[in-house]
Amino acid sequence: MRKIQMVDLQTQYQFIKPQVDAGMQEVLSSTQFINGPAVKTFQTNLEEYLGVKHVIPCANGTDALQIAMMGLGLKPGDEVITADFTFAATVEVIALLGLTPVLVDVLPDTFNIDPDAIENAITSNTKAIVPVHLFGQVADMERIMDIAHRHNLYVIEDNAQGIGANYTGKEGVKIKTGGIGHVGSTSFFPSKNLGCYGDGGAIFTNDDDLAHIIRGVVNHGMYKRYHHDVVGVNSRLDSLQAVVLNEKLKLLDFYNERRKWAAIRYTQLLENHPKIITPVTSGDCDSHVYHQYTLRLIDTDRDAVVAHFQGLDIPCGVYYPIPLHLQKAYTDTRYSEADFSVTNQLIKEVISLPMHSELDEEQIQYICKTLLTFLG
Ligand SMILES: *Cc1c(COP(=O)(O)O)cnc(C)c1O
């Protein structure tokens, strides 16, 4: 059996090595390291893939979120509602901009932000909602967009884990995640479904005016050289990363299909155990791209399972072990523990199994057998 890894970037690289190496060599020879032709090509390719009017590449997924919020003109004191159960980057940029993060609970089946909790948290200061398509599954965008519409709020999709997933809208029209709200963001961190060989990110929008503002924000607030109209940042995707992303974008649907196959196999092997809740796909089968395959272990010492896996050299992850409302940086007297009953439960139960496009049947069977034997 091949060694099991949480993600297998090496095998993935070997598959595209000739194209990536040649493309990188071209960048090295041209010395157009910043804003070279590969970046522009990638931007266009991604716009086409996502069916979105504007893609603005930037340096990483955290910047992408921050820049999206800057582009919308959110101001200190504005409240931004997001999920308690997500990676800290989402809430970090809200706080960094002097906005007020308002954390709310998630749903126990999809792990995504709870629309009822969003409604309950809205005040006269609320300006935006940040749904995260957690673990690769589309959040309940129909209800979120409806709430946003009724309360006149912006929706910023944190699509760092969901790239390639489809949302099926009202008339059965499919929209790729990241292009549903007013603005979307993603990360090209190496382990993401579309990852480069360093840091990278992008912002998406169908709004021409917002796209124009954001193109300035990423470049020191410049719309005309050396004229700084707004406070901006320096956030760019470099040409070497764009080479990798151009190659990998061609394979994104293939990668996501492979992940889905692995997820289906895991579920087939694990779904009938009384202590295991396998991931729920709430929408169509293409609404989940399995950035993570995350189980809930019921009445089980989850950390003992993690230790057992570690002892056998089987990697696994706990995403996320501490809810954001309990992180020192993000506590707030407005919260009570009762507001987060689902998150507080999930952090004790979740375990993410190895998930990537190179997993094979033998590895999946071994992982499942190990878990089932341990649980008894
Ligand atoms: C990875 C991730 C980010 C941040 O992306 P970076 O490129 O690492 O800055 C933001 N939000 C979520 C949900 C993520 O998973």
Side-chain angles (χ1 to χ4, degrees), residues 6-7 9 42 46 55-70 80-97 99 101 103-104 106-107 110-113 128-139 141 144 155-165 177-178 180-181 183-204 218 233-238 240-242 244-245 248 256 259 288-294 317-324 327 329-330 343 346-347 350 352 355-356:
M6 202 63 189
V7 292
L9 298 175
F42 174 62
L46 190 58
V55 165
I56 301 111
C58 67
N60 58 67
T62 309
D63 274 9
L65 274 170
Q66 178 182 328
I67 292 159
M69 289 176 202
M70 290 170 78
V80 180
I81 299 173
T82 193
D84 187 36
F85 190 61
T86 177
F87 182 54
T90 320
V91 69
E92 177 178 63
V93 297
I94 299 171
L96 198 64
L97 291 173
L99 314 172
L103 298 168
V104 301
V106 296
L107 296 165
T110 62
F111 311 126
N112 274 324
I113 194 165
I129 308 168
V130 186
V132 181
H133 303 302
L134 199 74
F135 304 148
Q137 173 153 229
V138 185
M141 292 306 289
I144 293 167
V155 173
I156 304 157
E157 295 174 72
D158 181 346
N159 197 29
Q161 302 187 3
I163 198 153
T177 50
I180 310 160
V183 57
S185 65
T186 202
S187 162
F188 304 125
F189 185 78
S191 65
K192 303 282 158 122
N193 290 36
L194 178 63
C196 57
Y197 295 166
D199 274 311
I203 304 134
F204 323 126
V218 297
V233 295
N234 168 21
S235 189
R236 307 183 262 241
L237 181 73
D238 70 65
L240 291 169
Q241 302 309 333
V244 178
L245 290 167
K248 289 180 76 170
N256 284 342
R259 285 173 179 271
H288 202 327
V289 291
Y290 292 97
H291 176 61
Q292 298 294 347
Y293 182 86
T294 303
V318 173
Y319 310 115
Y320 296 90
I322 305 169
L324 291 175
Q327 300 285 0
Y330 305 114
T343 307
L346 291 177
I347 52 138
V350 287
S352 300
M355 174 48 77
H356 51 83

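In what follows, residues are counted from 1 in the order of the sequence shown. No hydrogens, no waters, no symmetry mates; every other heavy atom, side chains included, goes into these values. One-based numbering, in listed order, for ligands and for the atoms of each.
Checking only distances, Lys192 does come within under 3.5 Å of ligand 1, N or O to N or O. Checked against a 3.5 angstrom limit, the closest N/O atoms of Gln161 and ligand 1 fall inside it. Note: an N/O pair closer than 3.5 Å links Ser187 and ligand 1 by distance alone. An N or O contact shorter than 3.5 Å links Gly61 to ligand 1 by distance.
In terms of heavy atoms, Lys248 sits closest to Tyr197 at NZ-CE2, 4.3 Å. When all heavy atoms are compared, the tightest approach of Ser352 to Met6 is O-CE, 3.4 Å. Here the shortest heavy-atom pairing between Leu107 and Leu346 reads O-CD1, 4.5 Å.
Using a 4.5 Å cut-off on side-chain heavy atoms (C-beta onward), Val80 and Ile129 make no contact.
With hydrogens and angles disregarded, no donor-acceptor distance shorter than 3.5 Å links the side chain of Asn60 to the backbone of Gly201.
Phe188 has its ring centre less than 6.0 Å from the ring centre of Phe42.
In terms of protein heavy atoms, atom 11 (N) of ligand 1 is closest to Asp158 OD2, 2.8 Å. Residue, atom and distance of the protein heavy atom nearest to atom 4 (C) of ligand 1 are Thr62 OG1, 3.5 Å.
Residue-ligand proximity: His291 is placed with every non-hydrogen atom at 4.0 Å or more from ligand 1.
Both the backbone and the side chain of Asn60 come within contact range of ligand 1, each with a heavy atom under 4.0 Å.
Near Val132, the atoms of ligand 1 lying under 4.0 angstrom from a non-hydrogen atom of the residue are 13 (C).
The aromatic rings of Phe85 and Phe135 lie perpendicular to each other, with more than 60° between the two planes, well past the 30° mark.
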